[in-house]
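For reference, the structure discussed in these notes is given below.
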Amino acid sequence: MAVRAMVLLGAPGAGKGTMAEVVKAAMPVTHIATGDMLRDEIRAASALGQEADGYMRQGRLVPDDLIVRMVMRRVDQGAPDARYMFDGFPRTRPQADLLDRHFQERGAQLALVVLLEVTRDICLDRLTGRRVCRKCGANFHVRNIPPLVAGVCDQCGGELYQRPDDMPETIERRLEVFKEQTAGLIDYYSDKGLLVRVDSSRHRDETVPDLMQAIADRHF
Ligand code: AMP
């Protein structure tokens, strides 16, 4: 068995992180979330973290070469038959091209790209209300998925915080960046026959069966 991968594609607030948690709980898959990896690097004050921090605070994308190197290092360290779920990667055409090339060289296969479709209003609402656990990274929403105790993670008791890039001005920029730099990947993967569209504007309980069906259909 060769390495296989799937991609979760969608605007900020589309529900990539939430759906990734569901998939992870249902099957053995290695979750590679580039945003989480970068936030870990920032916390560790590594050279990469220091470079990424400024871009992230402004809602801009971190340069392609840094991202691709970080992801491929992780993939190359994994088992030769591992299954990966990319979340928030690729985000630009050069990233997609480099991923293709890397996978081709290693005989790895991209099995499907799930596009989580949402309206702009829903993205805005989800991002402004999002709260994240500092310790375990679990996601909450002040109204839609409130924690049992305000400000405290249900899962590990960690402190909930608002990501600096979830402030209204930065959210606008991130949605623009998605339109300008990432949305082109929809046609790119659709032309390759890899794209599956899932309506992610619904409640998660309605979205999950469609997502799991898409994964099963593609024998991921
Ligand atoms: P996320 O957690 O996926 O919303 O990502 C948060 C931020 O990390 C983004 O706004 C970018 O600044 C940066 N980032 C995450 N993934 C990528 C990527 N594939 N390419 C460039 N920047 C990224």
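The figures here come from the full heavy-atom set of this structure, side chains too, leaving out hydrogens, waters and symmetry mates. We count ligands from 1, going down the list as the structure has it; atoms in each ligand are counted the same way.
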- Query: What is the minimum heavy-atom distance between Met212 and Val23, and which atoms define it?
  - Reply: SD-CG2, 4.3 Å
Backbone, side chain, both or neither: what part of [X] comes under 4.0 angstrom of ligand 1, heavy atoms only?
X      : result
Asp165 : side chain
Val62  : both
Leu61  : both
Arg163 : side chain
Arg60  : backbone

- Message: Looking only at the side chains, is there a donor atom on one of Asp100 and Gln104 sitting less than 3.5 Å from an acceptor on the other?
- Response: no
- Task: Determine whether the side chains of Thr92 and Gln181 contain a donor N or O and an acceptor N or O closer than 3.5 Å.
- Result: no
Please identify which atoms of ligand 1 are closer than 4.0 Å to at least one heavy atom of [X].
X      : value
Gln95  : 18 (C), 19 (N), 20 (N), 21 (C)
Leu38  : 8 (O), 13 (C), 14 (N), 15 (C)
Arg174 : 4 (O)
Thr34  : 15 (C), 16 (N), 17 (C), 19 (N)

- What do you reckon, does Gly88 have a nitrogen or oxygen under 3.5 Å from a nitrogen or oxygen of ligand 1? yes
Between [Y] and [X], does any NZ, NE, NH1 or NH2 come within less than 4.0 Å of an OD or OE carboxylate oxygen?
X      : Y      : result
Arg174 : Asp166 : yes
Arg57  : Asp53  : yes
Glu159 : Arg131 : no

- Look at ligand 1 and say whether Arg39 reaches it with a heavy atom at a distance under 4.0 Å. yes
- Quick one: look up the protein heavy atom nearest atom 9 (C) of ligand 1 and list residue, atom name and how far away it is. Arg91 NH2, 4.0 Å
- atom 8 (O) of ligand 1 sits nearest the protein heavy atom Met56 CE, 3.4 Å
- For the residue pair Tyr84 and Phe86, categorise the inter-ring angle as parallel (less than 30°), tilted (30 to 60°) or perpendicular (more than 60°). parallel
- Item | Side-chain heavy atoms of Ile67 within contact of Leu38, under 4.5 Å | yes
- Item | Phe220 backbone acceptor or donor facing Arg83 side chain under 3.5 Å | yes
